[in-house]
Amino acid sequence: MHLAFETIAFEMGYNGEKYELILTPEGDRTRLFELVYFQRHAPADVRKQWNILVGRQKTAGFALRIDDWEIEAQDVQVWVEAQGEETAALTLYCEKLLPLLREEENKVWWMLSTLTDQVLGEIPAMALIDGFDVLDAPRDGVSVSLEKLPQKLADMGMRTDWDAAAYLENHYTAYELEPNQDVDADWRMDVFAGSTCCPALVNGYLSKHSETMAAFHQHGAVPGFFCYPVDGFTGAERGKVLLDFRDALEEAVRKAAGEDAVTFVGGASGLRCGYLDFIAWDLPAVLNAAAEFLETSPVAWANFHTFRRDVGTVRLINRENDAPVVDEQTGSLLSQEDIAALAAFEEGSSGYFGRMWSYLNDFISTGVAEGRFTQQQAREDLQIALWYAYAWNNLDEYDSYYKAAQWMPASEKNAQGCGTWYYRYSVALMYCGRLEEAWQYAETGAQEEPDYPWIWLQVAKLRSHFGNREGALEAVRRGLALEPGDHEFQTLGREIEAGAPLETMEYHWIDPDCDQALQDGLDEGADDKRRAISCIVLDPESLKWVKELLQPTDWVADAPYCSFHMPVQDQRVEVVFLMNEAGLSKLKHTWLEEQKARLESGQWLTHTREDGRTGALEAVMIGLDYRIGLLYRLEKDGARFQIFLQPDGTAAEHAIWEEEPPEAGGEKTSAAQQEDDDDRTGSFVGFVLLQQAQWSREQLIGDLKTEWGIDAAEDKAEEPEAATM
């Protein structure tokens, strides 16, 4: 056995016809991968004489003897508690072993767990038992003898005939993580959802422990993962497209390298990258197969990395450094015709800004798909950044400002001397509540292009906010010297003199007539504008009150929303405020108290639809307009639907979104299906992060806002908006 394994636990026997070699993982799921691989590769001439089995087999009438202690299954009482549909917790009591329990407790635990493995079979025990306890006295409730445990579990609807291969193929663990926003973080640190049938690999990588990797390496196997950028995948169904791509990569590698070369063990979705996890039994064959498939794929680059944090990365393909073709006249990926088309969406002091960013989205997705440039090259393009920020800032919503702030940094290296870039980025940062950064970029923009008037507008506002009144007035004078008599600068100067706060300075339109209508209360979009402005300046005392009210233990702020999980009776509900902490600090305290009371009362925990099906509450979404979205999951088929409430708690007219259940006969048990559930709506924030990171969450946000009575960006394209900048 040492020709194949450094260490191995096994038993041998004879069944009357063949010898039997029983390989035992000793409860370690990770060892099963090697044992199953070994079992599958036993030569045919060996199989003529031997049965090679993985896991101790179920044995009737088994007795276990250690020293002077002997027990049988009928000597043990078991209390069984279901832990979901597929696992159970066991509580055991054996009167015969009470004296030994008092003297050598560990020996009793080993005897009872070993006896349980013999009664169920070692692999079924690993699959089914999710809790194990030993008592020194009988407990209340109905028990069965250990010998009847298999039938008891079967009566509870649990499968008791698992073998090792089937167990590995069907038992995946789904997980959610808090993604690291740092673009320079290690691989996988951007992951927010994934699934795996080998949790020890993922846990070891995240905790920087390499014991599991070392064990595989000692036996000649190499666990690792492929990673590739996801920003090139766009469209309304990009979540499905991403999973389809991963499935295609898996199938191509399996086909080209061969089934013997690789075992796939899961995958994950991150803000920046997608990941496909595997164990390579023949690493060169696996990497060559992957590189061949990836060369003709839409991704700009792809890497291989082992499940060790402290080692280098193998680059499989890299097309990022291929210089894209730029327009000679514009110096941009955008042609003169593209820029003219974008400019046509402007209409004086207003514009069709939703159509503007839709044009840009289509331009980039088409260019990436055709291989003319990569998503990263599009993000670095100065003209694209300027038009994107112009469109998003003028949509004048927290979500759009957030997207502008996320998009702009990649093009900063090309923004020297461009005051417009610094101005638009500073505005986006300001409306995301990142005021110190906004001020820094405004001041830098004034140095880069001092003759650009509107950068002085931003400088003046932020200097005033941070207490530099004289510096703010000087910035106003610089602006008026460039734009004599300008309405915005004159109004701003008066407000700075009066000591107006930043929110007041922002409550204006560029056009004097539009601005007057806003000040007179005649602008229909006044409430929308106030909501956007509410996300600029944080009220620390109010936020402190909110957190004391909610008592969050896993608070996530401004990413892009604020969220936490709240225990409600026996459920764990995700609460999502569709805003940053600044916006949250402006919500009315009495209203928040009412919503907390409604949630804690349990009245929202289930919802029965008109068709009689009942859903369990998964997430509560709260908007800046005080409307509430409730996300439910149907108990039987797992499909989701959402309903919406008015600010007073009364129901809106209808549910706005519904997920179709899996097709009959088409239910998946793979990691892809379980992670697909997480990617879509298992975690609302995780789902939004996935979409937002690829700039295609507009479909979701649009649906939300349309049904909440807030114009979605596409709808806004039908009616020009007053420009904010």
Side-chain angles (χ1 to χ4, degrees), residues 179-185 190 271-272 379-380 382 384-386 388-450 452 454-469 471-472 475 479 492 496 501-506 532-540 543 555-562 579-586 689 692-693 695 724-725:
N180 190 327
Q181 302 281 343
D182 184 359
V183 296
D184 295 322
D190 66 327
L271 298 182
R272 292 171 292 279
R379 292 172 68 94
E380 294 173 356
L382 179 60
I384 290 177
L386 292 176
Y388 251 137
Y390 183 59
W392 277 327
N393 286 355
N394 278 297
L395 286 171
D396 201 24
E397 297 174 345
Y398 169 69
D399 295 290
S400 59
Y401 287 117
Y402 183 87
K403 287 185 286 188
Q406 293 291 97
W407 184 275
M408 296 296 278
S411 58
E412 182 174 359
K413 62 184 180 182
N414 299 317
Q416 292 82 0
C418 182
T420 307
W421 185 93
Y422 286 92
Y423 170 63
R424 292 177 182 173
Y425 186 33
S426 177
V427 169
L429 290 170
M430 181 176 68
Y431 273 85
C432 291
R434 297 161 63 180
L435 297 180
E436 292 186 358
E437 293 175 77
W439 187 18
Q440 174 188 343
Y441 275 97
E443 296 284 4
T444 302
Q447 296 173 16
E448 290 284 336
E449 190 180 358
Y452 178 65
W454 312 118
I455 193 66
W456 293 108
L457 195 72
Q458 188 72 353
V459 168
K461 293 174 183 177
L462 290 166
R463 283 180 179 176
S464 178
H465 173 74
F466 285 104
N468 185 359
R469 179 175 175 274
L492 179 58
I496 292 172
L502 184 56
E503 294 99 323
T504 300
M505 298 178 195
E506 280 302 306
I533 291 172
S534 74
C535 293
I536 295 177
V537 180
L538 174 69
D539 182 340
L543 181 64
W555 184 255
V556 176
D558 305 351
Y561 305 132
C562 298
M579 62 202 75
N580 62 0
E581 285 190 334
L584 176 56
S585 72
K586 309 298 173 47
L689 281 171
Q692 162 256 311
W695 311 118
T724 64
M725 53 177 293

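On a predicted model such as this, the values are computed, not experimentally measured, just so you know.
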Sole candidate of Y441, Y425, W421 that passes side-chain hydrogen bond (donor to acceptor under 3.5 Å, both in side chains) when paired with E412
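Exactly one option meets the side-chain hydrogen bond (donor to acceptor under 3.5 Å, both in side chains) with E412, and it is Y441.
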Relative to each other, are the rings of Y388 and W392 parallel, tilted or perpendicular (30° and 60° limits)?
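Rings of Y388 and W392: parallel, as their planes differ by under 30°.
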Side-chain donor-acceptor pair present, [X], [Y], cut-off under 3.5 Å:
X: D396; Y: Y401; value: yes
X: E380; Y: S411; value: no
X: Y422; Y: E443; value: no

Test log, rule side chain to side chain contact (heavy atoms under 4.5 Å, CB included), inputs Y431 and Y398:
CA-CA 7 Å; Y431 273 85; Y398 169 69; over 6 Å; no
Do the non-hydrogen side-chain atoms of [X] and [Y] ever get within less than 4.5 Å of each other?
X: I455; Y: E449; value: no
X: L435; Y: L538; value: no
X: W454; Y: V427; value: no

Say you draw a straight line from [atom1] of [X] to [atom2] of [Y]; how long is it, rounded to the nearest 0.5 Å?
X: I536; Y: L429; atom1: CD1; atom2: CG; value: 12.0 Å
X: N414; Y: I384; atom1: CG; atom2: CD1; value: 11.0 Å
X: L382; Y: C418; atom1: CG; atom2: SG; value: 5.0 Å
X: K461; Y: E506; atom1: NZ; atom2: CD; value: 3.5 Å
X: E581; Y: L543; atom1: CD; atom2: CG; value: 4.5 Å

Any sub-3.5 Å donor-acceptor pair from [X]'s side-chain atoms to [Y]'s backbone N or O?
X: R463; Y: G471; value: yes
X: N468; Y: S464; value: no
X: W456; Y: P450; value: yes
X: T444; Y: Q440; value: yes
X: N580; Y: C535; value: yes

Which residue, K586, M505, M430, E503, forms the side-chain contact (heavy atoms from CB on, under 4.5 Å) with I533?
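Per the side-chain contact (heavy atoms from CB on, under 4.5 Å) rule, the option paired with I533 is E503, out of K586, M505, M430, E503.
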Do you know the tightest heavy-atom contact between [X] and [Y]?
X: A428; Y: A405; answer: CB-N, 3.8 Å
X: A404; Y: A389; answer: CB-CA, 4.3 Å
X: D190; Y: P179; answer: O-CB, 3.3 Å
X: M408; Y: A385; answer: SD-O, 3.5 Å
X: S400; Y: E397; answer: OG-O, 2.8 Å
X: N180; Y: R272; answer: O-NH2, 3.0 Å

What's the verdict on side chain to side chain contact (heavy atoms under 4.5 Å, CB included) for E436 and F466, showing C-alpha distance, side-chain angles and the deciding distance?
CA-CA 9 Å; E436 292 186 358; F466 285 104; 3.7 Å; yes
For W407, does the six-membered ring have the charged nitrogen or CZ of R379 within the cation-pi criterion, i.e. under 6.0 angstrom from the centroid and within 45° of the normal?
yes
Would V537 and H465 satisfy side chain to side chain contact (heavy atoms under 4.5 Å, CB included), going step by step from the backbone distance to the final call?
CA-CA 10 Å; V537 180; H465 173 74; 4.1 Å; yes
Go through the steps to decide whether Y452 and T420 satisfy the test side chain to side chain contact (heavy atoms under 4.5 Å, CB included), and finish with yes or no.
CA-CA 7 Å; Y452 178 65; T420 307; 3.3 Å; yes
For a side-chain hydrogen bond (donor to acceptor under 3.5 Å, both in side chains) check, start with the C-alpha distance between Y423 and N393, then their side-chain angles and the critical distance, and finish with the verdict.
CA-CA 11 Å; Y423 170 63; N393 286 355; over 6 Å; no
